[in-house]
Amino acid sequence: MPDFKTLLVRKDASNPRIARIVLNRPDRLNAINEDMPREIRAAVEWANADDGVHVIVLEGAGKGFCGGYDLGYFGQGEVDHPCQQERFPWDPMVDYAYMKRNTDDFMALWRSAKPTICKVHGYAAAGGSDIALCCDLLVMAEDARIGYMPTRVWGCPTTAMWTFRVGPTRAKQLMFTGDTIDGRTALAWGLANEVVPAGQLEEATLRLANRIAGVPRGHLAMHKMVVNNVMLTMGLEQTQQLATVFDGITRHNPEGMWFRRYAQTEGFKAAVQWRDSGQPIPEGDEARALVRDMDAKRAP
C-alpha cells in the first residue's frame, strides 16, 4: 500500500471486502491540499488492484466530510499559484491543466470498477461536494449539509456532477444561490441514497456496503459501466471541460480578484461571510476599483 499524508486507508475490520478511505486532515476540516487529489486516486487504484475488495467507503475524519479547498493557502495566501495567477496576462490553460488534473483524480472514484459509497457527516462543501458527488452512492446524516457556496463568487464545480445527480432545475437553483442542502433534502431530491440520524450513520453505511460486498466483482463492474456510459453519452466529459475552464475564469475575472484581495486584506472568514450573506458582490468596474484601492493599501 502507498504511504499517505492526507488519508487513512485500510480494509474494514468486520469485512475485508470493504475498503475504507478516510480524508484525514481534521484540523483543517479535511480541506483539499496539493497532495489529497493524487492520494485519493492512489487509494482507489490500490482498492481496485486488490481482488479481495468489492466496495469502497469514503469518509472524513473529525467534524465533517470535507470543507473544500484549503483556501488559507489557495485563497488568502500570497503564493502565485496556477489557481490564482498574479502574473499577467493570466494563462487559462495553466489553470485548466492544474484543475483538470484534480478533477480527474477525484473522478477515480467514479471510474472505479468497484462501487464507491460516500459517508457524509458535517459539511461536504465546495470542492468537498465535488469529491462526494464523484462517488456512486451517498449515505448522509440528517443534519449533514452539501453544496457549492463558491458559485456566488470565485468558483465553478469542476466535476459538473450536480445536473447529472439532481437534474437541471435543482442544479440551477443551487448554482444560482450557492446554498447548501441538508441530508433530508438531499434524500427528497434523489441525491442521497439513505439519510439517518448522525449516530446511526456508520451502521447504515456498513449495512449498504455489506449488501454490495456480497455481489461478484464482475457483476458490480458491469452494472456500474452501464450506468456510467449513460452519463458519458449525456456529455459528462465535455461538460467537465467547460466547467473547469469556467472555474479558472471565476477566480481571475474582476469579481474573483476582488474576492481574493478582500480575503487577503480582511481575512478569509470575512470574505466568506460577505459571499454567503446575500449582499451584492462587487462586479465589473466597481470590483476593479476596489482591487486597486486594496492593492494601494497593501503596498509597502
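Given the structure is predicted, the values throughout are model-derived calculations rather than measurements.
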Checklist line | Distance-minimising heavy-atom pair for Ala43 and Val9 | finding: CB-CG2, 3.9 Å
Notebook entry, point to check: Is any side-chain N of the basic residue among Asp50 and Lys11 closer than 4.0 Å to the acidic one's carboxylate O?
Noted result: yes
Checklist line | Verdict with reasoning, Leu23 to Met36, per side chain to side chain contact (heavy atoms under 4.5 Å, CB included) | finding: CA-CA 8 Å; Leu23 309 182; Met36 186 177 287; 4.1 Å; yes
Item checked: Pair Lys172-Thr163, side chain to side chain contact (heavy atoms under 4.5 Å, CB included): steps then yes or no -> CA-CA 8 Å; Lys172 286 178 180 179; Thr163 305; over 6 Å; no
Checklist line | Side chains of Ile281 and Trp258 in contact at under 4.5 Å (non-hydrogen atoms) | finding: yes
Margin query: Would a single hydrophobic cluster contain both Leu220 and Met231, if residues Ile, Leu, Val, Met, Phe, Trp and Tyr are joined by side-chain heavy-atom contacts under 4.5 Å?
Written below: no
Margin query: Does any part of the side chain of Lys224, heavy atoms only, come nearer than 4.5 Å to the side chain of Ser112, both counted from C-beta?
Written below: yes
Margin query: I need the single residue from Asp105, Thr6, Leu7 that forms a side chain to side chain contact (heavy atoms under 4.5 Å, CB included) with Ile40. Which is it?
Written below: Leu7
Next item on the list: Please determine, by modelled atom types, if Asp247 and Thr158 share a side-chain donor-acceptor pair under 3.5 angstrom.
Entry: no
Notebook entry, point to check: Got a donor-acceptor contact below 3.5 angstrom from the Arg288 side chain to the Pro254 backbone?
Noted result: no
Notebook entry, point to check: side-chain hydrogen bond (donor to acceptor under 3.5 Å, both in side chains) between Arg170 and Gln173: does it pass, once the steps are laid out?
Noted result: CA-CA 5 Å; Arg170 285 169 171 155; Gln173 178 181 336; over 6 Å; no
Notebook entry, point to check: Are Phe164 and Met140 connected in a single hydrophobic cluster, I mean Ile/Leu/Val/Met/Phe/Trp/Tyr linked by side-chain heavy atoms less than 4.5 Å apart?
Noted result: yes
Notebook entry, point to check: Is Arg184 salt-bridged to Asp143, cutoff N-O under 4.0 Å?
Noted result: no
Margin query: Show, in sequence, the C-alpha distance, side-chain angles and deciding distance for Thr180 and Met149, and conclude whether the side chain to side chain contact (heavy atoms under 4.5 Å, CB included) test is met.
Written below: CA-CA 7 Å; Thr180 62; Met149 299 90 85; 3.4 Å; yes
Notebook entry, point to check: Would you say the side-chain atoms of Lys114 pair up with the backbone N or O of Val53, donor to acceptor, closer than 3.5 Å?
Noted result: yes
Note to self: Test side-chain hydrogen bond (donor to acceptor under 3.5 Å, both in side chains) on Arg17 and Asn210; report intermediate values, then the result.
What the structure shows: CA-CA 8 Å; Arg17 289 186 169 213; Asn210 278 313; over 6 Å; no
Item checked: Worked check of side-chain hydrogen bond (donor to acceptor under 3.5 Å, both in side chains) between Asp70 and Asn33 -> CA-CA 6 Å; Asp70 192 338; Asn33 63 5; over 6 Å; no
Notebook entry, point to check: Would you call Arg217 and Asp51 a salt bridge, taking side-chain N to carboxylate O under 4.0 Å as the test?
Noted result: yes
Checklist line | Lys/Arg-Asp/Glu bridge criterion (N-O < 4.0 Å) met for Arg101, Asp104 | finding: no
Check: For Asp3, does the CG atom sit with more than 12 other heavy atoms under 6.0 Å from it, leaving out its own atoms?
Finding: no
Next item on the list: Look at atom CZ of Phe246 and say whether more than 12 heavy atoms of other residues, nucleotides or ligands are closer to it than 6.0 Å.
Entry: no
Next item on the list: Measure the shortest side-chain to side-chain distance between Leu137 and Ile212 over non-hydrogen atoms and say whether it is less than 4.5 angstrom.
Entry: yes
Next item on the list: Flag the pair Arg20 and Glu202 as a salt bridge only when some basic side-chain nitrogen lies within less than 4.0 angstrom of an acidic carboxylate oxygen.
Entry: yes
Note to self: If you count every heavy atom of other residues, nucleotides or ligands that lies below 6.0 Å from Gln273 atom CD, does the total exceed 12?
What the structure shows: no
Notebook entry, point to check: Where is the tightest heavy-atom contact between Ala287 and Glu255, given as atom of each residue plus distance?
Noted result: CB-N, 4.2 Å
Notebook entry, point to check: What distance do Phe106 atom CZ and Arg41 atom CZ have between them, rounded to the nearest 0.5 Å?
Noted result: 11.0 Å
Notebook entry, point to check: What are the two closest non-hydrogen atoms of Pro82 and Tyr98, and how far apart are they?
Noted result: CB-CB, 3.9 Å
Checklist line | Least distance between heavy atoms, Ala144 atom then Val120 atom | finding: CB-O, 3.6 Å
Notebook entry, point to check: Between Trp274 and Tyr262, is the gap from one ring center to the other below 6.0 Å?
Noted result: yes
Checklist line | Donor-acceptor contact below 3.5 Å, side chain His121 vs main chain Ala141 | finding: no
Note to self: Starting from Tyr69, can I reach Trp162 by hopping between I/L/V/M/F/W/Y residues whose side chains sit under 4.5 Å apart?
What the structure shows: yes
Checklist line | Distance, nearest 0.5 Å, that separates CG of Asp95 from NE2 of His252 | finding: 5.5 Å
Item checked: Check: Gln85 side chain, Asp91 main-chain N or O, donor-acceptor pair, under 3.5 Å -> yes
Notebook entry, point to check: CG/Leu133 to CG/Leu138 distance, rounded to the nearest 0.5 angstrom?
Noted result: 6.5 Å
Check: Any side-chain heavy atom of Asn30 within less than 4.5 Å of one from Glu59?
Finding: no
Next item on the list: List the atom of Ser129, the atom of Ala124, and the distance in Å for their closest heavy-atom pair.
Entry: CB-O, 3.5 Å
Checklist line | Phe65 side chain near Cys118 side chain, heavy-atom distance below 4.5 Å | finding: yes
Note to self: Using 0.5 Å steps for rounding, measure from the OH atom of Tyr96 to the OG1 atom of Thr103.
What the structure shows: 8.5 Å
Margin query: Do Trp110 and Val55 sit in one hydrophobic cluster, given that two such residues count as connected whenever their side-chain heavy atoms are within less than 4.5 Å of each other, even indirectly?
Written below: no
Note to self: Any heavy-atom pair between the side chains of Arg261 and Arg298 that's under 4.5 Å?
What the structure shows: yes
Check: What are the two closest heavy atoms between Val166 and Ala171, and how far apart are they?
Finding: CG2-N, 3.7 Å
Item checked: CZ-OG1 distance between Phe176 and Thr151, expressed to the nearest 0.5 angstrom -> 9.5 Å
Check: Would you call Leu201 and Lys119 a side-chain contact if the rule is heavy atoms closer than 4.5 Å?
Finding: yes
Note to self: Check this for me: does any side-chain nitrogen of one of Lys297 and Asp293 sit under 4.0 Å from a carboxylate oxygen of the other?
What the structure shows: no
Item checked: Check: His223 side chain, Gly218 main-chain N or O, donor-acceptor pair, under 3.5 Å -> no
Check: Do Val227 and Met225 sit in the same hydrophobic cluster, where Ile, Leu, Val, Met, Phe, Trp and Tyr count as joined when their side-chain heavy atoms come under 4.5 Å apart?
Finding: no
Next item on the list: Any chance you could lay out the side chain to side chain contact (heavy atoms under 4.5 Å, CB included) test for Ile18 and His54, step after step, and finish with the verdict?
Entry: CA-CA 6 Å; Ile18 301 171; His54 285 228; over 6 Å; no
Notebook entry, point to check: In Å and rounded to the nearest 0.5 Å, what is the NZ to CG distance from Lys5 to Asp35?
Noted result: 4.5 Å
Notebook entry, point to check: Side chains of Leu174 and Ile181: closer than 4.5 Å at any heavy-atom pair?
Noted result: yes
